[in-house]
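Written below as structure tokens is the structure these notes are about.
This one's a predicted model, so the numbers in the text were calculated from it and none came from an experiment. Worth knowing before you read on, the calculation uses all heavy atoms, side chains too, and leaves out hydrogens, waters and symmetry mates.
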Amino acid sequence: MKACVFTLGCKMNEVESASLAEGLKERGFAVTDKLGHADLYLINTCAVTAEAEKKSRQAIARVKKFNPRAKIIVCGCAASANPESFFQREGVALVTGAQAKHRVLQLLDGEGVFCETDAAFSELPPPMRNKTRAFVRVQDGCDNFCSYCLIPYLRGRSRSRSAESILAEVTASGAKETVLTGIDISSYRDGEIDLGALLSALAKADTRIRLGSLEQKIITRDFLRRARDAGNVMPHFHLSLQSGSNAVLKKMNRRYTREEYLEKCALIREYFADAAITTDIIVGFPEESEADFTDSVRIVDDAAFARVHVFPYSLRKGTVAAKKAQVDGALKRERAEILGKKAKEAEEKFLRVQIGKQAVVLFEEEGGYTENYVRAYAEGAEEGRLCRVRILGTERNGVRAVIEEKL
């Protein structure tokens, strides 16, 4: 029997899909993530934007073209948002929500809708590792309730995995780099162990530690001291912003100001001098004025971002923001293009600053990443090998380097 696991959306979905794929392998399936003929299709959906939800629905028609008689299972956020709309489609036998993905493996032979909420962290099989990087789920859900976002309603409130379980998976993986991932890992807490204490515990692990997206509230001197003193935490901080305007941040329910955010960026650089700070910015949020947008453009330079992911606002029914006056679609696209150009300038500036520096790169199939998450290319690189390099110049979406020592 062949199973195809098709994933839409965020990195967390990708990690969970990899875990579900591993669980299917344990049950005797040959598993692929490439669309093609299969006996079972597992579609892991996304609802972060209206377009993502649309693509989630379209995925059912796509897989049926390969095998109209196959069993189809749908899980994830779009399934939680409107489970019956998926279950009613021909060929769909089972629907589980974002909080019940672990039920997929228990209910492979069953049918129906299972979208119950879960107050506990749901364990999944460890995903199959490659020899370079492992993704480890440490947290799920969100308590932030940003005014534009459905995720807390779909994935539920924040809940954390036990530190003991995390340490066991990280130790067993053997990966040279481990990415701690979740919906809001800044809220991680297992008893008295918060994210900073978890990093201290992971200092003993023989792996580079990378952090998923962070909220500014986690950036304190204690957290940064623990991260620095651990010795294996990489100096790359994806610090969620969403807008450079105080007025828009308040409407988004983000609970900080641009000034406070910039203070956190400066604090990071006190402890990690060559840190890459990356972020997300939404343009065209409801009622966003020209002055608001200008503030978002200006903060790209003020924060000296290494990379900015630009997103036009997507209306999500059921959120507070959906009830506000919407920005014209053409204007949103125009602003996204302007901010995208500014983001590209910031990235190129950050890359130029790296020229002449030494770095340790973990090489993958094509290129690899420095400690501060700069893509590096070098002749003679071997996949899965750590090398000390000298950065010579910029190239493609990263830098060109020469290997000085294989570690």
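Side-chain polar atoms of Glu404 and Gln358 form a donor-acceptor pair below 3.5 angstrom. In the model, Asn253 has no side-chain atom that pairs as donor or acceptor with a side-chain atom of Ser147 under 3.5 Å. In this structure, a donor-acceptor pair under 3.5 Å is absent between the side chains of His238 and Thr279. Between the side chains of Ser187 and Ser158, a donor-acceptor pair is found at a separation under 3.5 Å. Checked by atom type, the side-chain pair Glu14/Asn44 shows no donor-acceptor distance below 3.5 Å. No side-chain N or O of Arg254 forms a donor-acceptor pair with one of Tyr261 less than 3.5 Å apart. Side-chain N/O atoms of Asn13 and Lys101 include a donor and acceptor closer than 3.5 Å. Using modelled atom types and a 3.5 Å distance limit, the side chains of Asp222 and Thr220 yield no donor-acceptor pair. Residues Thr45 and Ser56 bring no donor and acceptor atom of their side chains to less than 3.5 Å of each other. A donor-acceptor contact under 3.5 angstrom links the side chains of Asn246 and Glu259, judged on distance only. Using a 3.5 Å distance cut-off with no hydrogens or angles, the side chains of Glu177 and Thr207 do not pair a donor with an acceptor.
Not a single donor-acceptor pair under 3.5 Å links the side chain of Thr181 to the backbone N or O of Val136. A donor-acceptor distance shorter than 3.5 angstrom exists from the side chain of Gln139 to the backbone of Asp184, with no hydrogens or angles considered. Counting only distance, with no hydrogens or angles, the side chain of Gln326 and the backbone of Lys324 share a donor-acceptor pair below 3.5 Å. Put simply, the side chain of Asp194 gets close to the backbone of Ala197: a donor and an acceptor are under 3.5 Å apart. Of the possible polar contacts, one joining the Asn372 side chain to the Asp274 backbone as a donor-acceptor pair under 3.5 Å is found. Between the side chain of Ser173 and the backbone N or O of Val170 there is at least one donor-acceptor pair closer than 3.5 Å. The backbone N or O of Gly356 sits less than 3.5 Å from a side-chain atom of Arg390, completing a donor-acceptor pair. Listed for the Glu288 side chain is a donor-acceptor partner under 3.5 Å among the backbone atoms of Gly284. Arg396 places no side-chain N or O within donor-acceptor distance of the main-chain N or O of Gly398, the cut-off being under 3.5 Å. Not one N or O on the side chain of Glu22 forms a donor-acceptor pair closer than 3.5 Å with the backbone of Ala18.
The two residues Asp190 and Ala163 have their closest heavy-atom pair at OD2-N, 2.8 Å. Between Phe223 and Ile218, the closest heavy-atom pair is CB-O, 3.2 Å. Contact between Met12 and Arg137 at its shortest, heavy atoms only, is CE-NE, 3.9 Å. Smallest separation of non-hydrogen atoms from Leu154 and Cys77: CD1-O, 3.5 Å.
A salt bridge links Arg298 and Asp295; the closest N-O separation between the charged side-chain nitrogens and carboxylate oxygens is under 4.0 Å. Between Asp301 and Lys342 there is a salt bridge, since at least one side-chain N of the basic residue sits less than 4.0 Å from a carboxylate O of the acidic one. Classification of Asp140 and Arg161 as a salt-bridged pair fails, no side-chain N sitting under 4.0 Å from a carboxylate O. Salt bridge status for Lys250 with Glu287: absent, with no side-chain N to carboxylate O gap under 4.0 Å.
For the atom pair OG1 of Thr132 and CG of Leu386, the computed distance is 10.0 Å after rounding to the nearest 0.5 Å. The structure places CZ of Arg316 at 8.5 Å from CD1 of Ile151, a figure rounded to the nearest 0.5 Å. Expressed to the nearest 0.5 Å, how far CD of Glu215 lies from CG of Asn144 amounts to 5.0 Å. Separating the CZ atom in Arg103 from the CD1 atom in Ile73 is a distance of 12.5 Å, to the nearest 0.5 Å. Atom NZ of residue Lys71 and atom CE of residue Met1 lie 9.0 Å apart, to the nearest 0.5 angstrom. The distance from atom CD1 of Ile282 to atom OG of Ser240, rounded to the nearest 0.5 Å, is 8.0 Å.
For the side-chain contact (heavy atoms from CB on, under 4.5 Å) criterion with Tyr377, the lone passing option out of Val361, Asn397, Val399 is Asn397. With respect to Phe285, the ring-ring contact (aromatic ring centres under 6.0 Å, His included) criterion is satisfied by exactly one of Phe311, Tyr313, Phe293: Tyr313. None of Ile281, Thr278, Leu262 except one satisfies the side-chain contact (heavy atoms from CB on, under 4.5 Å) rule with Leu241; the exception is Ile281.
When side chains are defined from C-beta on, Ile209 counts as touching Leu199, because their heavy atoms get closer than 4.5 Å. Leu94 has its side chain out of reach of Val74: every pair of non-hydrogen atoms, C-beta onward, lies at least 4.5 Å apart. Using a 4.5 Å heavy-atom cutoff, the side chains of Arg335 and Lys332 are not in contact.
For Arg225, the CZ atom counts as densely surrounded, since its 6.0 Å shell holds more than 12 non-hydrogen atoms of other residues, nucleotides or ligands. Annotation: Glu290, atom CD; neighbour count of heavy atoms from other residues, nucleotides and ligands within 6.0 Å is above 12. Heavy atoms of other residues, nucleotides or ligands lying less than 6.0 angstrom from CD of Glu192 number 12 at most. Atom NZ of Lys217 sits in a crowded spot, with more than 12 heavy atoms from other residues, nucleotides or ligands closer than 6.0 Å.
In this structure, Arg221 is not positioned above the aromatic face of Tyr271 in the sense of NZ or CZ being under 6.0 Å from the six-membered ring centre and within 45° of the axis. A cation-pi arrangement is absent between Lys2 and Phe29 under the rule of less than 6.0 angstrom and at most 45 degrees off the ring axis. Within the cation-pi definition used here (under 6.0 Å to the ring centroid, within 45° of the axis), Arg375 qualifies as a partner of Tyr369.
Below 30°, between 30° and 60°, or above 60°: for Phe145 and Tyr153 the angle between ring planes is above 60°, a perpendicular geometry.
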